[in-house]
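See below for the structure under consideration.
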Amino acid sequence: MADTTVIGAASSGWAGKVSDALWRRPTLFLLLLLAPPALWLGVIYLGSLFALLAQSFFSIDEFSGLIKYELTLKTYRELLIPANLDIIVRTTSMAAAVTLASAIIAFPIAYFAARYARGRWKALFYLGVMLPLWSSYLVKVYAWKLILAKEGILNWLFGKLHLTWVLEALLSVPVIGGNSLSVSYTGTFLVFVYVWLPFMVLPMQAALERVPASYLEASADLGAIPFQTFRNVVFPLALPGIIAGSIFTFSLTLGDYIIPQIIGSSRLFIGQAVYAHQGTAGNIPLAAAFTVVPVVIMGFYLWMAKRKGAFDAL
Amino acid sequence: MSTPRRAFWTVALATTFLSETAFADMPTSIGAAEGQLNIVAWPGYIERGETDKKFDWVTKFEKSSGCKVQIKTANTSDEMVALMNEGGFDLVTASGDASLRLIAGKRVQEVNVGLVPSWNKVDDRLKNAPWHTVNGKHYGVPYMWGPNVLMYSTEVFKEAPKSWNVVFEEMNLPDGKSNKGRVQAYDGPIHVADAANYLMKHKPELGIKSPYELNADQYKAALDLLRGQRKLVSRYWHDAFVQMDDFKNEGVVASGSWPFQVNILQSGGAKIASTIPEEGATGWADTTMMHAEAANPNCAYMWMEHTLSSNLMSDLSVWFGANPGVPEACTDGRGMQTAAGCTKNGMDDFEKIKFWTTPVSKCATQGNKCVPYYRWVSDYIGVIGGR
């Protein structure tokens with residue numbers, strides 16, 4: 001008897017009523033909880049993205065340089081002129097090359113960490129992979145500029161080993177060569193791979209850890225040579241992790257505008273083109289159209305990745 | 001972000017409105033200090049002895065005026081305009097391109113030069129400069145200016161190069177080796193103006209009157225020259241420190257540059273010197289401008305006077321490799337700068353310098369048929385990309 005009065009008394013309070021109402025209507029409770037993040041995502045995040053996309057359907061008046069607020073595809077025609085196509089092709093090829101190289105370098109590291117490293121070795125592995133992420137991105141890039149310079153340590157090392165001819169042969173190759181490593185695509189590529197590698201190693205290692213050791217033993221028992229085991233067992237099972245890592249390396253390279261500005265031949269990448277057009281030029285429509293390019297490329301990429309099952313583990 | 005053309009029209013419109021309102025707002029006397037002052041400035045422009053003890057032009061001002069100075073640095077003109085649009089600042093050290101945009105956008109107010117006692121000491125060449133004076137109204141007091149010089153290695157060039165051709169045309173340098181891969185150019189569309197400046201002298205038949213006002217033919221000739229330059233340049237420079245590093249570690253021996261890099265490299269013992277070749281050079285000039293809704297106008301006026309009368313310009317001239325807006329700062333010993341130092345920074349070369357302004361299609365010298373700045377941007381990207 002006394003108990004029921006106590007419960008009744010608690011519910012009659014203001015807070016109690018709200019609490020009761022929420023308990024009776026779980027959907028309302030859920031909506032209230034989800035509203036702030038949904039608003040954040042919907043209004044601030046997607047809203048600004050769509051505002052940007054909308055800009056790309058306006059155009060800049062050739063004569064006055066003013067933005068005309070009429071829907072048109074003129075800006076997209078401008079995006080497809082050869083100089084701009086060069087930028088898109090250049091950025092996408094770089095992103096693809098960086099992703100491929102990262103995957104090849106990351107695989108043995110991740111495999112060792114997942115299968116063999118234990119205890120302190122494992123800690124050392126995590127430290128080794130994560131450590132570069134703790135220092136400033138700019139410091140790393142400027143350090144690389146010094147390493148790759150014509151009178152830098154790498155050239156010195158090649159000189160000491162009497163291997164300068166190797167470097168010169170590499171630098172005399174058209175397209176990827178140049179006056180020195182730090183002003184060539186090769187240099188840009190090396191720095192990209194260095195900076196984004198951890199983002200490939202970690203998801204790959206997570207995927208490899210989930211491959212049961214018994215599968216490998218079974219494969220060996222059935223007479224497969226190591227390469228066959230790799231091709232038919234390890235690689236397919238690790239593929240979702242590789243794809244997840246490649247999403248990081250690919251999209252990060254696609255959007256970066258600092259590295260190609262400091263290291264490389266000054267030829268623009270997409271991020272730099274956006275930066276150049278939105279500034280004093282005031283050509284916001286073209287800058288917006290340029291940002292649509294990585295969005296579209298990544299859209300296709302994610303769609304392919306989904307078909308390969310990269311998100312099954314999420 | 002205002003486009004050049006819009007800027008032009010808004011100037012025209014704004015001035016008609018301002019003529020009625022600005023006078024009412026413009027103070028006629030300086031009251032008591034408000035206690036603080038917020039300034040948007042280029043990095044290295046306002047030093048309080050924290051980077052180097054010798055370079056301090058804030059502490060004394062704070063003590064004597066009672067205005068605590070807070071600095072917000074901005075790296076580009078666009079950033080400056082954006083910060084001024086946000087508000088909350090009293091003063092800005094705006095360059096030639098930003099200043100007109102700020103006036104057009106009504107983000108800055110007319111300055112009553114009568115309240116700045118040292119105004120009459122300002123360089124006569126700057127007093128009515130078009131980048132801060134619109135329809136006879138002063139929207140700020142001149143700060144510092146400087147040329148874009150030709151920096152070169154004294155190991156390769158025993159005497160200063162006479163012409164900008166060392167960075168524009170393929171040739172053998174005095175050491176007998178080609179300049180290919182050993183020269184640099186600025187990584188900004190405004191570099192088109194440097195090419196135009198070169199053509200002004202070497203292809204007079206093009207009829208270029210100002211490197212910032214180019215008709216279609218003149219513009220095309222400038223781009224062609226730059227396409228040739230692309231073959232010589234391994235990397236365009238963007239960041240002053242990257243350029244200094246390239247001179248030290250990449251074997252670069254000649255490039256357009258600022259006195260800032262020249263001074264730092266020389267003080268580090270590098271075999272570097274600079275010159276303004278026969279064609280003249282482009283340059284920049286900055287102005288201290290006051291926000292339209294400045295919360296601390298009294299402190300702002302005190303600071304403007306301080307910039308003109310104290311050790312500031314003299315020491316800053318040494319620090320930044322720029323020239324003071326007040327010529328006496330070079331000679332009267334108020335700071336560390338000397339007449340010789342100012343000469344080195346290009347003080348006597350004012351006439352040779354074409355100061356930076358934003359190219360607009362409506363231009364006086366080519367019958368209002370100029371190529372506007374946004375085209376410079378997209379085409380220069382193409383040039384660097386090898387198109």
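Not measured: the values here are computed from a predicted model. By convention in this document, chain letters (A, B, ...) are assigned in the order of the sequence lines, proteins followed by strands, and residues within each chain are numbered from 1.
Within the model, atoms CG of A/Asn283 and CZ of B/Arg375 stand 11.5 Å from one another, a figure rounded to the nearest 0.5 Å. Rounded to the nearest 0.5 Å, atoms NZ (A/Lys150) and CD (B/Glu250) are 7.5 Å apart. Rounding to the nearest 0.5 angstrom, the gap separating the CG atom in A/Leu268 from the OH atom in B/Tyr236 is 10.5 Å. In this structure, CD1 in A/Ile147 is found 12.0 Å from CG in B/Asn249, a value given to the nearest 0.5 Å.
Top candidate by heavy-atom pairs under 4.5 Å with chain B, chosen from A/Gly264, A/Gly178, A/Pro82, A/Gly152, is A/Pro82. Interface summary for chain A: among B/Val371, B/Asp187, B/Ile381, B/Asp379, the most heavy-atom pairs under 4.5 angstrom belong to B/Ile381.
In plain terms, the two heavy atoms of B/Val377 and A/Ala276 that are nearest each other are CG1-O, 3.6 Å. Heavy atoms only, all atoms of each residue included: B/Gly251 and A/Glu151 are closest at N-OE2, 3.6 Å. Of all the heavy atoms in B/Gly382 and A/Ala83, the pair that sits closest is CA-CB, 3.9 Å. Minimum interatomic distance between A/Arg267 and B/Ile384 (heavy atoms only, all atoms of both residues): CG-O, 3.3 Å.
Other residues, nucleotides and ligands contribute more than 12 heavy atoms inside 6.0 Å of the CZ atom of A/Phe58. Few gaps surround OH on A/Tyr137; more than 12 heavy atoms of other groups in view lie less than 6.0 Å from it. Counting heavy atoms of neighbouring residues, nucleotides and ligands inside a 6.0 Å radius, atom CE of B/Met171 exceeds 12 of them. Around CG of A/Leu138, the count of heavy atoms belonging to other residues, nucleotides or ligands within 6.0 Å exceeds 12. More than 12 heavy-atom neighbours from other residues, nucleotides or ligands sit within 6.0 angstrom of CZ on B/Phe355. Applying the 6.0 Å contact sphere to NZ of B/Lys248 captures no more than 12 heavy atoms from other residues, nucleotides or ligands.
Within the 4.5 angstrom heavy-atom criterion, atoms from both the backbone and the side chain of B/Asp246 approach chain A. For B/Asp239, the part lying under 4.5 angstrom from a heavy atom of chain A is the side chain only. With a 4.5 angstrom heavy-atom cutoff, A/Ile81 does not touch chain B via any of its atoms.
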- Task: For the pair A/Leu286 and B/Tyr374, evaluate side chain to side chain contact (heavy atoms under 4.5 Å, CB included) and give the outcome as yes or no after the intermediate values.
- Result: CA-CA 10 Å; A/Leu286 188 55; B/Tyr374 87 92; over 6 Å; no
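At distances below 3.5 Å, not a single donor-acceptor pair connects side-chain atoms of A/Asn179 with backbone N or O atoms of B/Ser234.
Checked options A/Ser265, A/Ser182, A/Ser180; the residue passing with B/Arg235 is A/Ser182 (criterion: side chain to side chain contact (heavy atoms under 4.5 Å, CB included)).
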